[in-house]
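Since the model is a prediction, treat every value here as computed from it, not as a measurement. The figures here come from the full heavy-atom set of this structure, side chains too, leaving out hydrogens, waters and symmetry mates.
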Amino acid sequence: MDNELNYLKELRFYLTGFFLALLLTIVPFALVAWGNLPSRSTLMIILVLGLIQVVVHFRFFLHIDLSRQKREDLQLILFSVLLLTIMGGGTIWIMSNLAYRMQ
C-alpha cells in the first residue's frame, strides 16, 4: 500500500513537470505563429519562458532542489550553463556569419 502511494506521488510529480514543460513550449510557439506582439516583446517573453522551463526541468526531472544545495548539483547546473552558452553562442555566431555572407 505504501509503495503504491509513493508511486502515485511520483507519477503525479512527473506529470506536473511534463504539463508545465509542455505549456512552456506551446506558448512561445503560439506567440510566434500569431505574431500579435512586437518582436522585441515576443523575444523577451520567449527568453523568460525558456529560463522558467530550465528551472522546471531541473526541479521536476533532475530532482534538483535549491534549498538543499549539494556540490554535485552545483556542478551539474554550471555544466548545463556552459553547454547552453556554447550552443547559444555558436548558433548566433553561425547565423550572423550566414547573414553577412548573404549580403
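Under a hydrophobic-cluster definition in which Ile, Leu, Val, Met, Phe, Trp and Tyr are linked whenever side-chain heavy atoms come within less than 4.5 Å, directly or via other members, I26 and F19 are assigned to the same cluster. Transitive grouping of hydrophobic side chains (ILVMFWY, heavy atoms separated by less than 4.5 Å) keeps V55 and L76 in distinct clusters. Under the 4.5 Å side-chain heavy-atom criterion for ILVMFWY residues, a single connected hydrophobic cluster contains both L20 and L31. There is no path of hydrophobic side-chain contacts, each under 4.5 Å, that joins L24 to L51. Hydrophobic clustering keeps L22 apart from I46 (ILVMFWY residues linked when any side-chain heavy atoms are closer than 4.5 Å, directly or through intermediates).
Interatomic distance, I45 CD1 to R40 CZ, rounded to the nearest 0.5 Å: 13.0 Å. How far CE of M44 is from OG1 of T42: 11.5 Å, rounded to the nearest 0.5 Å. Separating the NZ atom in K9 from the CG atom in L11 is a distance of 13.5 Å, to the nearest 0.5 Å. For the atom pair CZ of F29 and CH2 of W34, the computed distance is 13.5 Å after rounding to the nearest 0.5 Å. Of the inter-residue distances, the one linking H57 atom NE2 with F18 atom CZ reads 10.0 Å to the nearest 0.5 angstrom. To the nearest 0.5 angstrom, L83 atom CG is 4.0 Å from F79 atom CZ.
Using a 4.5 Å heavy-atom threshold, the side chains of R12 and L8 count as separate. At a threshold of 4.5 Å between non-hydrogen side-chain atoms, the residues V27 and L23 count as touching. Counting heavy atoms from C-beta outward, M87 and L84 have side chains that approach closer than 4.5 Å.
Contact record, G17 with F61: C-CZ, 3.5 Å, taken as the closest heavy-atom pair. The minimum heavy-atom distance between A21 and V56, with the atom names listed, is N-CG1, 4.3 Å.
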L82 and L78: CA distance, side-chain angles, deciding distance, side chain to side chain contact (heavy atoms under 4.5 Å, CB included) verdict: CA-CA 6 Å; L82 175 67; L78 291 176; over 6 Å; no
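Ring centers of F60 and Y14: at least 6.0 Å apart, outside the cut-off.
By the neighbour-count criterion of 12 heavy atoms within 6.0 Å, atom CG of N3 is sparsely surrounded, having that number or fewer from other residues, nucleotides or ligands.
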